[in-house]
S.K.: 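I have a structure here, written as structure tokens, and I will follow up with some questions on it.
Being a predicted model, the structure only gives us computed values, none of them experimental.
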Amino acid sequence: MALLGNILWFIFFGWEVGLSWISSGIVCCITIIGIPLGVQCFKIGIASLFPFGRTFKRKGGAVSVIANIIWLIFIGLWLAIAHYILGAVLCCTIIGIPFGLQCFKIGNLALCPFGVDIN
């Protein structure tokens, strides 16, 4: 089921979601200070291309808390809002509910991506 979900996700939404993450990563990598933020964008962008069957486990420390605060102020809030809006629109139909739930999962990851293990 995850394979079919990933194929449909990639065709209809995944390439757009992945492109938004990767383009955010490119913008972040313009400065030296933003490179860790950009690398995190690239990781999440690749994971968001095929999200069905993936799990995100939180592990973190003080450094990841500080990085998440900086992330949330500059990048995370906007990406999370975009994912939540897309998820709400997708959940308006019965067929779109599994895809909306994946948007919510990626939206939660967009709020605090540092200290997360992507499986």
S.K.: Mind checking what makes side chain to side chain contact (heavy atoms under 4.5 Å, CB included) contact with Ile69, not counting sequence neighbours?
M.R.: Val65, Ile73

S.K.: Between side-chain atoms of residues 87-97 and protein atoms elsewhere (two or more places apart, or another chain), which donor-acceptor pairs fall under 3.5 Å?
M.R.:
unit_1 : atom_1 : unit_2 : atom_2 : d
Thr93  : OG1    : Gly96  : N      : 3.1

S.K.: Can you give me the closest heavy-atom contact between Gly18 and Leu49, atom names plus distance?
M.R.: CA-CD2, 3.8 Å

S.K.: Other hydrophobic cluster members with Ile35, side-chain heavy atoms of Ile/Leu/Val/Met/Phe/Trp/Tyr under 4.5 Å, chained?
M.R.: Val39

S.K.: Go through the steps for Phe99 and Leu8 under the test side-chain contact (heavy atoms from CB on, under 4.5 Å), then give the verdict.
M.R.: CA-CA 9 Å; Phe99 300 111; Leu8 291 174; 3.8 Å; yes

S.K.: If you take the centroid of each ring, where Trp contributes its six-membered ring, are Phe10 and Phe50 closer together than 6.0 Å?
M.R.: yes

S.K.: Could you tell me which residues satisfy side-chain hydrogen bond (donor to acceptor under 3.5 Å, both in side chains) with Gln102, sequence neighbours excluded, listed by chain and number?
M.R.: Lys105

S.K.: Would you indicate whether the side-chain heavy atoms of Trp9 and Val17 approach each other to under 4.5 Å?
M.R.: yes

S.K.: Identify the residue among Ser24, Cys29, Pro36 that makes a side chain to side chain contact (heavy atoms under 4.5 Å, CB included) with Cys41.
M.R.: Ser24

S.K.: Is it possible for you to say whether Ile85 and Phe12 belong to one hydrophobic cluster, with membership spreading through side-chain heavy-atom contacts below 4.5 Å?
M.R.: no

S.K.: Should Cys112 and Leu72 count as side-chain neighbours, where that means a heavy-atom distance under 4.5 Å?
M.R.: no

S.K.: Is it true that Ile44 and Phe74 fall in one hydrophobic cluster, defined by side-chain heavy atoms closer than 4.5 Å?
M.R.: yes

S.K.: How about Asn119 and Asp117: do any of their side-chain heavy atoms sit closer than 4.5 Å?
M.R.: yes

S.K.: Pairs in or reaching into residues 42-63: which pass side-chain hydrogen bond (donor to acceptor under 3.5 Å, both in side chains), with residues at least two apart or in two chains?
M.R.: none

S.K.: Mind checking what makes ring pair (Phe, Tyr, Trp, His ring centres under 6.0 Å) contact with Phe114, not counting sequence neighbours?
M.R.: none

S.K.: Which side-chain hydrogen bond (donor to acceptor under 3.5 Å, both in side chains) pairs, counting each pair once, include a residue from residues 13-23, with sequence neighbours left out?
M.R.: Trp21-His83

S.K.: With sequence neighbours excluded, tell me which residues meet side chain to side chain contact (heavy atoms under 4.5 Å, CB included) with Ile22.
M.R.: Ile26, Phe42

S.K.: Given side chains that start at C-beta, do those of Pro113 and Trp71 come closer than 4.5 Å, heavy atoms only?
M.R.: yes

S.K.: Once side chain to side chain contact (heavy atoms under 4.5 Å, CB included) is applied, do any residues pair with Tyr84, and if so which ones, sequence neighbours excluded?
M.R.: Ala80, Phe104, Asn108, Leu111

S.K.: Between Val116 and Ile46, is there a shared hydrophobic cluster once you connect ILVMFWY residues whose side-chain heavy atoms come closer than 4.5 Å?
M.R.: no

S.K.: Locate the shortest heavy-atom distance separating Ala47 from Phe56; write the atom from each residue and the value.
M.R.: CB-CE2, 4.4 Å

S.K.: Would a single hydrophobic cluster contain both Ile106 and Ile11, if residues Ile, Leu, Val, Met, Phe, Trp and Tyr are joined by side-chain heavy-atom contacts under 4.5 Å?
M.R.: yes

